[in-house]
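Written below as structure tokens is the structure these notes are about.
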There are 2 protein chains.
Amino acid sequence: MELRGKLQEILRDIEENYLPSVSLDLVVFGFHESQLKVLLLRFKDSNDWILPGGRVRKDENLDEAAYRSLRERTGLDRLFLQQFHTFGNVNRMTYFSREETLERMGLAEAAAGLWDSTYWANRDISVGYYALVDFTGTVPTPDFMADECRWWDIAEVPHLLFDHNEMIRLALRTLRRQLSYQPVGYNLLPETFTMTELQSLYETILGRSLDRRNFYKQILHYDVLERLGKRPTIPASKAPYLYRFRKERYEQLLNDEDLSVG
Amino acid sequence: MELRGKLQEILRDIEENYLPSVSLDLVVFGFHESQLKVLLLRFKDSNDWILPGGRVRKDENLDEAAYRSLRERTGLDRLFLQQFHTFGNVNRMTYFSREETLERMGLAEAAAGLWDSTYWANRDISVGYYALVDFTGTVPTPDFMADECRWWDIAEVPHLLFDHNEMIRLALRTLRRQLSYQPVGYNLLPETFTMTELQSLYETILGRSLDRRNFYKQILHYDVLERLGKRPTIPASKAPYLYRFRKERYEQLLNDEDLSVG
DNA sequence: ACAAAAGTGTTCCAGATACACCCATGC
DNA sequence: GCATGGGTGTATCTGGAACACTTTTGT
């Protein structure tokens with residue numbers, strides 16, 4: 001019964017080193033082939049998918065915990081990560097009963113008698129973060145409760161456990177709003193890209209098509225792109241220019257927040 | 001040593017009935033005499049001020065806990081209340097040491113030996129909410145740790161304990177942003193008001209003066225106000241019209257969010 | 001009559017939208 | 001030579017900002 005021993009150890013570790021009642025969930029966005037992707041985990045021996053998440057160490061800042069969790073799931077560092085909402089409904093975890101949840105995780109047997117653990121006994125408040133990451137550089141890695149971690153097309157996300165579909169919905173809304181007053185793409189695209197690729201990213205996030213000429217004007221007006229040479233040409237088309245974000249300008253725009261308070 | 005007994009009882013109640021590690025703090029905005037006000041509490045027998053806060057019952061939704069806490073502090077019900085950020089730095093409570101904090105609360109003696117309580121032992125994650133309330137209808141009520149609860153002019157807020165000044169700053173930023181895409185005032189003004197009073201509210205929140213004519217146009221364009229008769233006239237001036245919010249339209253605008261997700 | 005507050009309309013500019021043609025390449 | 005995708009400029013609309021005079025009333 002190795003699984004049970006392992007589970008016990010994990011629960012002990014959680015109770016000893018992590019804050020009770022608080023968890024966090026990550027909506028990790030990636031972009032590939034004109035599709036917005038979300039990273040999901042599949043529970044061990046089940047067909048149920050959830051968002052990757054994590055817990056907060058007792059000696060760790062909340063934001064740091066989110067960065068750490070994201071790093072563990074994607075192998076990436078230094079990425080865009082931002083809190084968007086905190087979820088605290090009593091029944092947010094009980095989309096299925098605790099028993100059924102464990103069942104679906106293939107942990108029912110292993111977890112028997114461990115239910116008085118703080119980890120299972122209390123519902124959690126969960127802080128939702130959303131992240132933008134470079135799809136191609138990511139190494140999706142399952143955690144101890146999952147045996148699969150992979151990208152899903154945003155339009156094809158299945159019904160998830162708990163309130164995780166709602167989390168994606170809210171994260172996407174936040175991302176869309178952000179688009180209207182800040183540049184996006186540095187963490188979602190490879191180092192260099194064509195204008196068409198960038199436009200395609202915007203269209204995917206917004207869920208509607210944009211006028212090419214107007215998009216050029218707007219994005220160039222931001223003064224955040226650097227134009228490089230032409231891309232070695234591909235089938236049946238004129239060679240497009242490659243662009244790169246001017247990092248210092250990009251970050252300046254990200255920090256252009258009204259910081260004044262009367 | 002009655003205080004000690006009471007404290008013990010409170011701690012026991014907290015451990016038994018409330019979520020550990022999670023608290024919430026309220027930035028309660030009111031408006032009076034052209035000034036934006038914030039509700040603050042003063043710790044027992046000390047000169048230190050903090051934001052009112054609360055904890056989440058184990059069987060209670062996070063938002064409900066915020067409403068309940070606000071009701072306890074202001075006597076008001078049915079008000080505007082919204083989450084704006086969750087604060088989770090390890091050292092956010094240690095603006096002063098725990099000992100010093102208790103000292104300043106006049107609780108050092110009473111709390112001796114109770115420090116292994118979960119309530120003191122762990123730092124908290126705190127969910128920040130901001131509220132807009134009708135100044136005149138409010139009955140500020142201290143909680144068990146405070147012996148004073150009163151309104152402060154936003155410009156005169158002193159240094160607060162913990163990260164509470166930062167919380168006010170962020171709440172105000174959120175409120176200002178909200179102003180740009182939603183009407184504000186229903187919960188901050190009396191039932192009827194003049195256009196000048198409403199403008200004054202906007203100016204106070206934004207921290208800058210607005211053009212009267214443009215303000216009229218914009219706000220009327222929202223189609224959210226109902227014009228009533230003229231106010232019985234006051235010193236040396238033309239009698240101004242009174243207005244009232246059209247509630248159904250007001251709430252429609254509040255809910256006018258892009259709810260679509262691709 | 002004059003001081004103080006209230007009410008109202010027009011001009012101007014900037015940012016967003018709508019829209020069409022030419023060029024380079026691969027087949 | 002034609003189909004595909006890339007690159008560019010101009011006219012129009014709309015929302016926001018700037019701005020001045022007249023009316024009422026109390027002193």
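Owing to the predicted nature of the structure, the values given are computational and were not obtained by experimental measurement. Each chain gets a letter, A, B and so on, in the order the sequences are listed, and its residues count up from 1.
- In this structure, the OH atom of A/Tyr222 is 12 Å from the P atom of C/dG15, given to the nearest Å.
- One interatomic measurement links the two molecules: CG of B/Asp211 to C1' of C/dC13, which rounds to 16 Å at whole-angstrom precision.
- Of the candidate nucleotides D/dG9, C/dG7, C/dT10, D/dG9 has the atom nearest to the side chain of A/Lys217.
- Regarding B/Tyr241, its OH atom lies at a distance of 14 Å from the P atom of D/dT23, rounded to whole Å.
- Using a cutoff of 4.0 Å between basic side-chain nitrogens and carboxylate oxygens, A/Asp48 and A/Arg42 are not scored as salt-bridged.
- For the OP1/OP2 pair of D/dG6 and a distance below 4.0 Å, the side-chain nitrogens and oxygens of A/Gln199 include no atom meeting the criterion.
- Rounded to a whole Å, the CG atom of A/Leu220 is 15 Å from the P atom of C/dG15.
- Salt-bridge formation is not detected for the pair A/Arg92/A/Asp124: no Lys NZ or Arg NE/NH1/NH2 atom is positioned less than 4.0 Å from an Asp or Glu carboxylate oxygen.
- Distances from the side chain of B/Arg213 to the nucleotides D/dT23, C/dT8, C/dC19 place C/dT8 closest.
- One can place NE2 of A/His221 at 17 Å from C1' of D/dT8, the figure rounded to the nearest angstrom.
- With salt bridges taken as basic N to acidic carboxylate O contacts below 4.0 Å, one links A/Glu251 and A/Lys247.
- The 5' end of DNA chain C is approached more closely, in terms of each residue's nearest nucleotide, by B/Lys230 than by the other of B/Lys230 and A/Asn214.
- The CG atom of A/Leu188 lies 11.5 Å from the CZ atom of A/Phe135; values are rounded to the nearest 0.5 Å.
- Classified by interplanar angle (parallel below 30°, tilted 30° to 60°, perpendicular above 60°), the ring pair A/Phe245/A/Phe193 is tilted.
- The nearest whole Å value for the distance from the CZ atom in A/Phe215 to the C1' atom in C/dA18 is 17 Å.
- Residue A/Thr196 places at least one side-chain N or O closer than 4.0 Å to OP1 or OP2 of D/dG6.
- Distance NZ (B/Lys238) to P (D/dT24): 6 Å, rounded to an integer number of Å.
- Between the C1' atom of D/dG7 and the CD1 atom of A/Ile219 lies a distance of 16 Å, rounded to the nearest Å.
- Considering only side-chain N and O atoms, A/Tyr216 lies under 4.0 angstrom from the phosphate OP1 or OP2 of D/dG7.
- The nucleotide whose nearest atom lies closest to any side-chain atom of B/Gln218 is, among D/dT23, D/dA17, D/dG7, D/dA17.
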